[in-house]
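The structure appears right after this line, and notes come after that.
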Amino acid sequence: ATAVIEPSPTAEPTVTLLFTGDIQLGRCVYTLAQATGDLTSPFAALAELLSAADVTVGSLDGTLSDFNPPGRCAEDHRNLLGPTSMLPGLTRAGFDVITTATNHARDCGLVRGCTYESLLETRTNLLGAGIQPVGTGVDLAGALAPVILNVKGLRIAFLGLSGIDASLWAGPDTPGTAPLDQKAYTTAVQAAAGEADVVVA
């Protein structure tokens, strides 16, 4: 009898995802980093570990914008704007995706007020550094749009959602964060599942 050679099954890829909690790059973090002479220093101890994952995901609790100078290192305010000069720390640590859907997503400093400038600038600045922002947008549809990465042939969709401070939620025509509202996130997850193999919210 002629031997039948079955094709070898394609091995499923192993993909490592690594997540951090809140990252804040203004106030005291910025002040202490300045004192070292190296603005990437807040990530020095963990950069190797963070960058070793296939996908590293963080949560930016604040903004990265030069709309105003960063706030001083003091406990008399909670405005968490960080300067764009802190962006290289995120790239040093190998972040691929950053959720910006946090309660400080519109912080713009203490000197002059803003509406959506710092939120939108943060998105632009992250993209400029090669990091995908998720969870905020110019409108509700943009805020709920997934970031989809192709990792070892696996399509992974990421969503960022905020359950804190509904006044920051994006509207049909206004910038803001993606709401942790059941109807909104159910629709967003289902839509992302139609485009990807795995959905991470």
*So, R92 side chain and A47 main chain: donor-acceptor pair closer than 3.5 Å or not?*
no
*Any donor-acceptor pair under 3.5 Å linking the side chain of W169 with the backbone of L140?*
no
_Minimum heavy-atom separation for G160 and V134, please, with both atom names._
N-CG2, 3.6 Å
_Could you check whether any side-chain heavy atom of I98 comes within less than 4.5 Å of a side-chain heavy atom of I23, counting everything from C-beta outward?_
yes
*Any side-chain heavy atom of T100 sitting closer than 4.5 Å to one from L119?*
no
*Going from OG on S162 to NE2 on H104, what distance comes out if it is rounded to the nearest 0.5 angstrom?*
10.5 Å
*Looking only at atom types and distance, does a side-chain atom of D54 sit under 3.5 Å from a main-chain N or O of T16, one as donor and one as acceptor?*
yes
*About how many Å separate CG of N103 and CG of D165, when rounded to the nearest 0.5 Å?*
7.0 Å
*Would you mind reporting whether L120 and T136 have side-chain heavy atoms less than 4.5 Å apart?*
no
_Spacing of L49 atom CG and L18 atom CG [to the nearest 0.5 Å]_ = 5.5 Å
*Can you find a heavy atom in the side chain of L149 that is under 4.5 Å from one in the side chain of F158?*
yes
*asked:* Heavy-atom count check: over 12 atoms from other residues, nucleotides or ligands less than 6.0 Å from K152 NZ?
replied: yes
_In the structure I gave you, are the side-chain heavy atoms of F95 and L126 within less than 4.5 Å of one another anywhere?_
no
_So which atom in D139 and which in G142 form the shortest heavy-atom distance, rounded to 0.1 Å?_
OD1-N, 2.8 Å
*Looking only at atom types and distance, does a side-chain atom of T56 sit under 3.5 Å from a main-chain N or O of S51, one as donor and one as acceptor?*
no
*asked:* Please find the pair of heavy atoms, one from A201 and one from L161, that lie closest to each other, and give the distance.
replied: CB-CD1, 4.3 Å
*Passing option when T84 is tested against T122, N125, D66, T124 for side-chain hydrogen bond (donor to acceptor under 3.5 Å, both in side chains)*: D66
_For residues F43 and L39: do they belong to one hydrophobic cluster (side chain heavy atoms under 4.5 Å, members Ile, Leu, Val, Met, Phe, Trp, Tyr)?_
yes
*What are the two closest heavy atoms between Y116 and P175, and how far apart are they?*
CE2-O, 3.5 Å
_Hydrophobic clustering (ILVMFWY, side-chain heavy atoms < 4.5 Å, transitive) - are L32 and L25 grouped together?_
no
*Side chains of V55 and V200: closer than 4.5 Å at any heavy-atom pair?*
no
_Rounded to the nearest 0.5 Å, what separates atom CZ in R72 from atom OG1 in T31?_
10.5 Å
*Flag, side chain of T91 to backbone of P88, donor-acceptor distance under 3.5 Å*: yes
_Under a 3.5 Å distance rule, please check whether T63 uses its side chain to pair with a backbone N or O of S65 as donor and acceptor._
no
*Same cluster or not: are L87 and L50 linked, directly or through other Ile, Leu, Val, Met, Phe, Trp or Tyr residues, by side-chain heavy atoms under 4.5 angstrom apart?*
yes
*Check the hydrophobic clustering (I, L, V, M, F, W, Y; side-chain heavy atoms under 4.5 Å; chains of links allowed) and say if L159 and I148 are grouped together.*
no
*Could you grab the distance from atom SG of C108 to atom CG of L81, nearest 0.5 Å is fine?*
7.0 Å
*Out of curiosity, does Y185 fall in the hydrophobic cluster containing V57 (side-chain heavy atoms, cut-off under 4.5 Å, transitive links)?*
no
_Separation of C114 SG from F67 CZ (nearest 0.5 Å)_ = 5.0 Å
*asked:* Testing the basics here: between L64 and L90, what is the closest heavy-atom pair and its distance to 0.1 Å?
replied: CD1-CD1, 3.7 Å
*Do V198 and L154 come within less than 4.5 Å of each other through their side chains, counting heavy atoms only?*
yes
*Please determine, by modelled atom types, if T115 and E117 share a side-chain donor-acceptor pair under 3.5 angstrom.*
yes
*List the steps, then state whether salt bridge (Lys or Arg N to Asp or Glu O under 4.0 Å) holds for D107 with R27.*
CA-CA 12 Å; D107 284 13; R27 290 201 331 144; over 6 Å; no
_Worked check of side chain to side chain contact (heavy atoms under 4.5 Å, CB included) between L127 and Q132_ = CA-CA 6 Å; L127 285 168; Q132 297 295 314; 3.8 Å; yes
*asked:* Give me the atom names and distance for the closest heavy-atom approach of A33 to M86.
replied: CB-CE, 4.1 Å
*Is there side-chain contact between V199 and P146, with at least one heavy-atom pair below 4.5 Å?*
no
